[in-house]
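By convention in this document, chain letters (A, B, ...) are assigned in the order of the sequence lines, proteins followed by strands, and residues within each chain are numbered from 1.
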There are 2 protein chains.
Amino acid sequence: MGKPVLPTYKTIAAEITNRIHEGEYKSGSYLPSENQLAREFEVTRTTIRKALNILKERGTIESHQGKGYRVKLLHWEQSLLTFYSFGRDIAWKVQNPETRLLSYNKIRGLKNINEFINTELWEITRLRFMNEIPLILETSYIPVKVMPEFKEEDLKQNSLYNLLKENGVHIVKAKEYLEPVLPSLEDQKLLNIKQNTPLFQTLRYTYDSNEKLLEVRESLIRGDHFRFSVEMTL
Amino acid sequence: MGKPVLPTYKTIAAEITNRIHEGEYKSGSYLPSENQLAREFEVTRTTIRKALNILKERGTIESHQGKGYRVKLLHWEQSLLTFYSFGRDIAWKVQNPETRLLSYNKIRGLKNINEFINTELWEITRLRFMNEIPLILETSYIPVKVMPEFKEEDLKQNSLYNLLKENGVHIVKAKEYLEPVLPSLEDQKLLNIKQNTPLFQTLRYTYDSNEKLLEVRESLIRGDHFRFSVEMTL
DNA sequence: AAGTGGTCTAGACCACGCC
DNA sequence: GCGTGGTCTAGACCACTTA
């Protein structure tokens with residue numbers, strides 16, 4: 001009746017993931033080589049490769065033959081942008097990305113979210129532009145306990161992920177739900193669209209390694225400039 | 001200056017994929033064991049495992065310790081249903097799925113699709129129900145050359161994938177694009193919704209192994225009963 | 001008990017990037 | 001030429017399923 005022990009390769013994958021979180025292996029830098037890691041963990045290269053492959057499939061790192069494994073930058077935000085890929089017929093370049101902070105307030109609790117009932121929350125609303133066109137309207141809810149303070153400047157420049165990271169909070173998992181919706185009057189004004197322009201509404205729930213809810217984010221994305229794409233095989 | 005030879009494991013993965021397509025390994029049945037395959041292909045078990053893992057990640061097969069590798073049934077249709085998962089707060093069971101054939105006609109060419117210009121096409125419109133609620137309105141375009149004939153019954157009962165398979169056509173890849181849209185007057189009637197009920201519109205392009213376009217399908221999916229979900233790690 | 005997939009070791013050779 | 005990741009071999013032990 002001992003503890004069910006994780007296979008080594010998963011343990012190692014988790015350990016390396018941690019080191020990336022903790023900043024020991026920084027975004028954009030190269031990991032130690034397979035051989036070095038094999039010596040450190042006292043396993044064979046095969047086992048290390050299996051561990052690294054997990055991170056590679058997740059999109060956390062990328063491998064380059066002859067060079068090494070590199071920690072990808074902006075993993076999430078980036079994969080979201082390729083995920084909702086750009087418009088119907090346009091060969092846009094994502095230029096001049098800009099974020100405008102619309103408001104931030106302390107509120108108490110959030111209906112429909114059990115985990116946030118009777119919790120003091122930041123409500124942060126931001127508008128994201130590309131090529132000077134307003135494309136995404138985002139509202140985030142974050143417990144004040146999780147992020148006691150922040151500067152206005154940070155919300156414009158940095159991603160929330162990096163902000164939380166600097167506060168010692170490590171995001172590990174997110175679930176996202178997507179639905180088609182129509183804009184409210186206010187949405188129409190902010191996004192500069194008509195009432196019959198359909199939108200993607202996404203709801204994202206972000207968790208730390210203890211399954212604690214860290215952020216709820218609602219995004220409204222203009223359907224006339226973004227689309228989803230998926231590829232399937234077999 | 002020899003041909004660049006594919007790595008063995010990819011070749012084997014392709015070969016096994018083919019056998020599934022050809023019906024040698026049938027949906028729902030078990031593959032030969034790793035050891036048997038290793039003997040047949042004259043490689044080690046490790047190489048066979050790597051090949052099978054590719055199919056496993058794609059969702060083509062599933063593995064069961066102590067039993068073997070099983071070919072999944074209805075791979076695509078199924079993954080689409082878990083992909084667009086069900087409604088906001090409902091614990092629906094997917095019951096009484098039903099397909100109603102609305103119309104099928106021969107038409108000539110499809111604007112905006114270069115591959116189908118001056119091509120004789122079937123235009124097949126179907127309405128899909130679940131629990132007696134109309135949820136998806138689908139229109140497919142298939143070259144008459146690809147599927148010269150079919151019975152009305154088949155379109156109600158079978159999936160197009162199986163129909164094409166029986167015609168010796170092997171689907172290999174599909175790209176799908178997703179956008180939010182509003183219903184036309186006719187859509188409103190057929191799907192029994194109001195004009196302000198937003199929909200997902202999906203465009204799916206299906207290809208065979210020679211990259212030839214086999215089918216273009218437009219689906220309109222009720223946004224009030226379906227939603228997308230995605231999970232991300234790290 | 002025999003067969004299957006799941007994990008790991010120890011060692012080999014190849015293809016690629018870089019100095 | 002050397003170090004890196006990519007592929008493959010040969011063999012071991014474990015965990016699970018079935019008879």
Side-chain angles (χ1 to χ4, degrees), chain A residues 1-17 19-20 24-73 75, chain B residues 1-17 19-20 24-73 75:
Chain A
M1 288 255 291
K3 285 181 203 168
V5 180
L6 277 179
T8 323
Y9 74 94
K10 282 188 185 171
T11 321
I12 294 176
E15 170 61 21
I16 294 176
T17 304
R19 292 188 186 174
I20 293 172
E24 186 174 340
Y25 303 146
K26 296 200 174 62
S27 274
S29 69
Y30 282 89
L31 298 185
S33 75
E34 292 177 348
N35 281 317
Q36 287 172 39
L37 289 169
R39 277 193 295 276
E40 181 194 336
F41 287 102
E42 299 182 301
V43 295
T44 50
R45 227 186 106 207
T46 316
T47 303
I48 294 293
R49 281 179 63 75
K50 191 151 189 194
L52 292 177
N53 250 307
I54 292 177
L55 304 205
K56 200 164 100 179
E57 277 156 27
R58 276 191 202 148
T60 309
I61 59 178
E62 55 195 3
S63 63
H64 300 285
Q65 193 170 4
K67 297 188 71 178
Y69 290 86
R70 192 180 152 97
V71 182
K72 280 210 214 173
L73 351 134
H75 164 37
Chain B
M1 284 256 288
K3 285 182 202 167
V5 179
L6 277 180
T8 323
Y9 74 95
K10 282 187 186 173
T11 322
I12 295 176
E15 169 60 22
I16 294 177
T17 303
R19 293 185 184 175
I20 293 173
E24 187 174 338
Y25 303 148
K26 297 200 174 62
S27 275
S29 69
Y30 281 89
L31 299 185
S33 75
E34 291 178 347
N35 281 317
Q36 287 173 41
L37 289 170
R39 277 193 296 273
E40 181 194 335
F41 287 102
E42 298 182 303
V43 296
T44 51
R45 227 186 103 207
T46 316
T47 304
I48 294 294
R49 282 181 63 76
K50 190 151 190 191
L52 292 177
N53 250 306
I54 292 177
L55 304 206
K56 200 164 100 176
E57 277 157 26
R58 277 191 201 148
T60 308
I61 60 179
E62 56 193 2
S63 63
H64 301 284
Q65 192 169 0
K67 299 188 69 177
Y69 290 85
R70 191 180 152 97
V71 182
K72 279 209 216 175
L73 345 136
H75 165 34

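- Within the 4.0 angstrom heavy-atom criterion, only backbone atoms of the sugar-phosphate kind lie near A:K56; the bases stay farther away.
- Salt bridge B:E34/B:R49: present, at least one basic N to carboxylate O contact under 4.0 Å.
- If you measure from atom NZ of B:K10 to atom C1' of C:dC14, you get 15 Å, rounded to the nearest angstrom.
- Residues B:K26 and B:V71 are not in side-chain contact: their nearest non-hydrogen atoms beyond the backbone lie 4.5 Å or more apart.
- Under 4.0 angstrom from either OP1 or OP2 of C:dC18 there lies at least one side-chain N or O belonging to A:K67.
- B:I61 has its side chain out of reach of B:R70: every pair of non-hydrogen atoms, C-beta onward, lies at least 4.5 Å apart.
- Side chains of B:K72 and B:T60: a donor-acceptor N/O pair is absent below 3.5 angstrom, by distance only.
- Between A:H64 and B:Q36, the residue whose closest nucleotide on DNA chain C is further toward the 5' end is B:Q36.
- Under a 4.0 Å N-O distance rule, the pair B:E40/B:R19 qualifies as a salt bridge.
- Rounded to whole Å, atom P of C:dG5 lies 7 Å from atom CZ of B:R45.
- Each of A:V43 and B:E34 was matched to the nucleotide of DNA chain C holding its nearest heavy atom; the match closer to the 5' end belongs to B:E34.
- In this structure, B:L37 places its CG atom 14 Å from C1' of C:dG3, rounding to the nearest Å.
- Taking a heavy-atom distance under 4.0 Å as the criterion, the stretch of DNA chain D touched by chain B extends 5' to 3' from D:dT7 to D:dT18.
- Counting any heavy atom pair closer than 4.0 Å across all strands shown, B:S63 reaches sugar-phosphate atoms only and no base atom.
- Few gaps surround CD on A:E24; more than 12 heavy atoms of other groups in view lie less than 6.0 Å from it.
- Across all non-hydrogen atoms, the minimal contact from A:I48 to A:F41 is CD1-CD1, 3.9 Å.
- When the local axes at the two ends of the helix from C:dA1-D:dT18 to C:dC18-D:dG1 are compared, using 5 base pairs at each end, they differ in direction by 10° after rounding to 10°.
- Here the side chains of B:E57 and A:E57 are in contact, with some heavy-atom distance below 4.5 Å.
- In this structure, A:S33 reaches the sugar-phosphate backbone alone: every heavy-atom distance under 4.0 Å involves primed, P, OP1 or OP2 atoms, never a base.
- Put simply, the side chain of B:I20 reaches to within 4.5 Å of the side chain of B:L55, judged on heavy atoms.
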